[in-house]
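Have a look at the structure below before the remarks.
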Protein chains: 2
Amino acid sequence: MNREETESKVKNDCPLTYAFNIIGGKWRLPIIWALWQNKTLRYNELKRRIHGITNMMLSQALKEMEDYGLVVRKQYMEIPPRVEYSLTEAGMELVPSLHSLAKWGKQMQNKRNSIGEA
Amino acid sequence: MNREETESKVKNDCPLTYAFNIIGGKWRLPIIWALWQNKTLRYNELKRRIHGITNMMLSQALKEMEDYGLVVRKQYMEIPPRVEYSLTEAGMELVPSLHSLAKWGKQMQNKRNSIGEA
DNA sequence: CTGGATCCCATCGGATACTG
DNA sequence: CAGTATCCGATGGGATCCAG
């Protein structure tokens, strides 16, 4: 850990690798998806929508994504606490590429499913 | 391992997740990249271009990608053995989406680098 | 309500050595 | 040349409990 990865543990090899490091992991895509559909969600709303995620995974993923500039965290100083999350500009700009990839993935799935038919 | 992941260990949740499962991992992107630039490469050519990859990682990644229909393996029955790899149609169709993502990644890198200026 | 700390385990990536 | 087998350490994901 004494190399140039001191800052963010991301290897800056190429932009593509960089992008994959940012959106990789098990929960980031679902989070992006949920935030994209709902613009703004509170912590527990997010948690309920993602189903299966634990507090630790969610808060960890959110924090990392905030560091990358993907999501915005807005904390209201109230009792009980309220924290709202939403995508940044950069986060939204990512979505089209994701759709493109998803479209490709769908084609791949269809190919798999139609292997047995003439 | 007794669920519906019996076939390919890929969760079919959504096409995007599917896509990420296919191109995820440390070496698949570099391999796709190398094959896209060179159309066709032999095993050792590939290995030399990727630098740092071991036999095990390379052959394993190639086999998985072949299973997914991303690359084609062409073996010539000669002595010494010759095996050539190239991208399938599906593999090539993936590249534009990758470029899109890479472009986004580049923007992100630039933002990072220009934090201290202005 | 919104998290943090700790501990655990599965999986991934890899070094090394060997084979057809 | 083109891989495979084995073994191992690192890493990431997760359960559970705790805290402001």
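In what follows, every chain begins at residue 1, and chains take the letters A, B, ... in the order their sequences are listed.
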Subject >> Whole-Å gap separating P (dT2(C)) and CG (Leu58(A)) >> reply: 10 Å
Original post:
Just checking Tyr85(B): base, sugar-phosphate only, or nothing, at a heavy-atom cut-off of under 4.0 Å?
Top reply: sugar-phosphate
Original post:
Can you tell me how far the CE atom of Met108(B) sits from the CD1 atom of Ile22(A), to the nearest 0.5 Å?
Top reply: 4.5 Å
Original post:
Which of parallel (below 30°), tilted (30 to 60°) and perpendicular (above 60°) describes Tyr43(B) and Tyr85(B)?
Top reply: tilted
Original post:
Given dC1(C), dG4(C), dG14(C), which nucleotide is nearest the side-chain atoms of Pro80(A)?
Top reply: dC1(C)
Original post:
Between Arg48(B) and Gln60(B), which has a closest nucleotide on DNA chain D that is more 5'?
Top reply: Arg48(B)
Subject >> Interatomic distance where CD1 belongs to Ile79(A) and P belongs to dC1(C) [whole Å] >> reply: 13 Å
Original post:
Is any side-chain N or O of Trp27(B) closer than 4.0 Å to OP1 or OP2 of dC12(C)?
Top reply: no
**OP:** Indicate yes or no for a side-chain donor-acceptor contact from Trp36(A) to the backbone of Gly91(A) under 3.5 Å, with no hydrogens or angles considered.
**Re:** no
Subject >> Per-nucleotide protein contact string for nucleotides 15-20 of chain D, where B marks a base within reach and S marks sugar-phosphate only (heavy atoms under 4.0 Å, - for neither) >> reply: B----B
Original post:
So, is Lys26(A) near the phosphate of dG14(D), with a side-chain N or O under 4.0 Å from OP1 or OP2?
Top reply: yes
Subject >> Contact under 4.0 Å: Lys63(A) side-chain N or O vs dG3(C) OP1/OP2 >> reply: no
Original post:
With a cut-off of 6.0 Å (strictly less than), are more than 12 heavy atoms of other residues, nucleotides or ligands near CD of Gln37(B)?
Top reply: yes
